[in-house]
Amino acid sequence: MERIRLGVNIDHVATIRNARGGDHPDPARAAKLAEAAGADGITIHLREDRRHIRDADLSAVRKAVDLPINLEMAATDEMLGIALDYQPHAACIVPEKREERTTEGGLDVARLHNQVAPFVTRLRDAKIRVSLFIEPSKVQVAVAEALGAPVVELHTGRFVELVNAGDTEGAKRELENIQEAAADGHERGLEIHAGHGLTYETVRPVARIAAVRELNIGHFIMGEALFDGLETAVKRMRREIDDARGEA
Ligand code: PXP
């Protein structure tokens with residue numbers, strides 16, 4: 001099976017920085033460390049309210065690393081303008097509500113088809129690899145394909161929540177949804193990514209899914225980095241992914 005790329009999301013280094021309003025800790029420094037520890041890409045989410053990553057971080061992160069940058073963005077004219085200007089390797093379109101604590105649920109591309117379509121086209125025309133962050137459902141995968149997105153990122157948040165709540169049956173069913181959506185998307189010729197909420201434990205069953213090519217992980221890695229250091233946390237996540245993949 002092909003190796004899975006690990007995109008390290010550094011948003012929450014900026015969350016800690018912003019809690020005090022200064023320059024420390026620096027997300028660009030975290031990006032550099034993640035690169036040295038074996039990350040395959042850096043993921044950043046510039047939110048409408050700039051609660052973590054800010055505009056100035058975009059160029060600072062680009063200067064700090066040679067890795068491909070995946071910009072998570074809402075489907076708004078402001079973010080489209082920034083993405084076209086910034087030219088990241090990839091852009092992942094995510095839903096965004098000001099009041100949510102994190103991205104709750106995937107982008108409902110079935111409902112928002114007409115709203116999302118021009119964003120996919122404009123980003124593709126600019127040679128930016130577009131991915132759509134969707135719930136693991138065949139309907140959403142089919143619409144993503146119809147929209148012309150080359151990549152879907154399957155939302156693993158619900159699976160992780162069910163595992164954490166001790167709901168073994170529910171977690172099993174949700175993992176099956178992810179497996180089926182991944183296989184279906186792969187058959188349709190889409191590249192399959194996954195992410196949200198993943199931990200050392202929950203990453204393993206997701207990494208065993210043959211079609212998955214990339215995982216984007218942030219909050220848990222940064223939490224573990226507080227105890228063990230960022231390098232150790234990235235390397236451990238890398239090892240969990242590779243070990244699980246080897247067992248599949
Ligand atoms: N993928 C997408 C599309 C996301 O929006 C996020 C959160 O920004 C992640 C992955 C990473 O989630 P977490 O920080 O919970 O690992």
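When a ligand or atom number is given, it counts from 1 through the structure's own listing order.
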Are any of the N/O atoms on [X], whether in the backbone or the side chain, positioned under 3.5 angstrom from an N/O atom of ligand 1?
{"X": "His12", "value": "no"}
{"X": "His219", "value": "yes"}
{"X": "Gly218", "value": "yes"}
{"X": "Gly197", "value": "yes"}

Open item on the list: With heavy-atom distances below 4.0 Å as the criterion, list the atoms of ligand 1 near Val94.
Closed with: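 By the 4.0 Å cutoff, the relevant atoms are 3 (C).
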Open item on the list: Show me which atoms of ligand 1 lie under 4.0 Å from any heavy atom of Asn216.
Closed with: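 The atoms of ligand 1 under 4.0 Å from a heavy atom of Asn216 are 10 (C), 11 (C).
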- [ ] State the CD-CD distance between Glu48 and Glu78, to the nearest 0.5 angstrom.
- [x] 7.0 Å
Task: Reported CD1-to-CG distance for the pair Ile44 and Asn70, which is rounded to 0.5 angstrom - done: 8.5 Å
TODO: Indicate yes or no for a side-chain donor-acceptor contact from Glu135 to the backbone of Gly106 under 3.5 Å, with no hydrogens or angles considered.
DONE: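 Judged by distance alone, yes, a pair lies under 3.5 Å.
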TODO: For Thr156 and His196, indicate whether the former's side chain and the latter's backbone hold a donor-acceptor pair under 3.5 Å.
DONE: yes
Task: Test item: Arg188 and Lys138 side chains (from C-beta on) under 4.5 Å apart, heavy atoms - done: no
Open item on the list: Could you check whether atom CZ of Arg158 has more than 12 heavy atoms from other residues, nucleotides or ligands sitting under 6.0 Å from it?
Closed with: no
Open item on the list: Could you work out, for atom 2 (C) of ligand 1, the closest of His196, Glu72, Met73 by heavy-atom distance?
Closed with: Glu72
